Every structure is written in structure tokens, then in C-alpha cells.
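In what follows, a single structure is set out as C-alpha cells and then discussed.
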Amino acid sequence: MPKSRIRKKADDYTPPPAKQATNIKLTNRSWVAPVMLALFLIGLAWIVVFYVTDGKLPIDPLGNWNIVVGFGFIAAGFGVSTQWK
């Protein structure tokens, strides 16, 4: 059986050029966490106050819509949380 030929590899390997660091502009988003937590807590407090006072507070004419308002604050907190980096 004949021997296979051995190929010589070229020794002139050049590594790829180094990547240059790009400046990443980070904006100051220190307001996001406090606003997010505040909205969560306001929504939670709104719903708790509604249940504890048997629907008399926080706004009596809204009735059961107070629950929707509380969950609206919580949903707004989740909306603000998308800005957190």
C-alpha cells in the first residue's frame, strides 16, 4: 500500500488585528431603582389600604376600581424597570 504524502503547513501565520476598545456612553440611570420601588410600594399600599378599610379609602367613589389603580402603579413600576441597566 502506498504511503500518503505529508503536507507541510505554512509557517507564516499572522494573528488577526487586535480590536480597538470602543467608548460606551453610559447614561446615569440612578433614578430607575428608587422610582421602580416607589411605584411598587405605592401600588401595594393602595391595594392594602383598600382592603383594610373595606373599600372606603383611598378613593371611595372609585369602588373596586381602586384595585385597578393599585395594579396600575405596580405595572408602571415594571415599565420603569425596563430602563434599568
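Everything quoted here is computed from the prediction, not taken from an experiment.
Considering every non-hydrogen atom in both G55 and D60, the closest pair reads O-OD1, 3.4 Å. The heavy-atom pair separating L57 from N66 by the smallest distance is O-ND2, 4.4 Å. Summarising the geometry of M36 relative to S81, their closest heavy-atom pair is SD-CB, 3.1 Å, with the distance given to 0.1 Å. The nearest pair of heavy atoms linking I74 to G43 is CG1-CA, 4.0 Å.
The hydrophobic cluster containing I59 also contains V69, counting ILVMFWY residues as joined when their side-chain heavy atoms lie under 4.5 angstrom apart, directly or transitively. L44 and I67 end up in different hydrophobic clusters when Ile, Leu, Val, Met, Phe, Trp and Tyr side chains are linked at under 4.5 Å. In the hydrophobic cluster analysis, where Ile, Leu, Val, Met, Phe, Trp and Tyr join through side-chain heavy atoms closer than 4.5 angstrom, W46 is grouped together with F78. In the hydrophobic clustering of ILVMFWY residues, with side-chain heavy atoms under 4.5 Å counting as a link, L62 and I42 come out together. Linking Ile, Leu, Val, Met, Phe, Trp and Tyr residues whenever their side-chain heavy atoms come within less than 4.5 Å places V68 and F71 in a single cluster.
Looking at W31 and V80, their side chains come closer than 4.5 Å, going by heavy atoms from C-beta outward.
The structure places CD1 of I47 at 10.5 Å from CZ of F73, a figure rounded to the nearest 0.5 Å.
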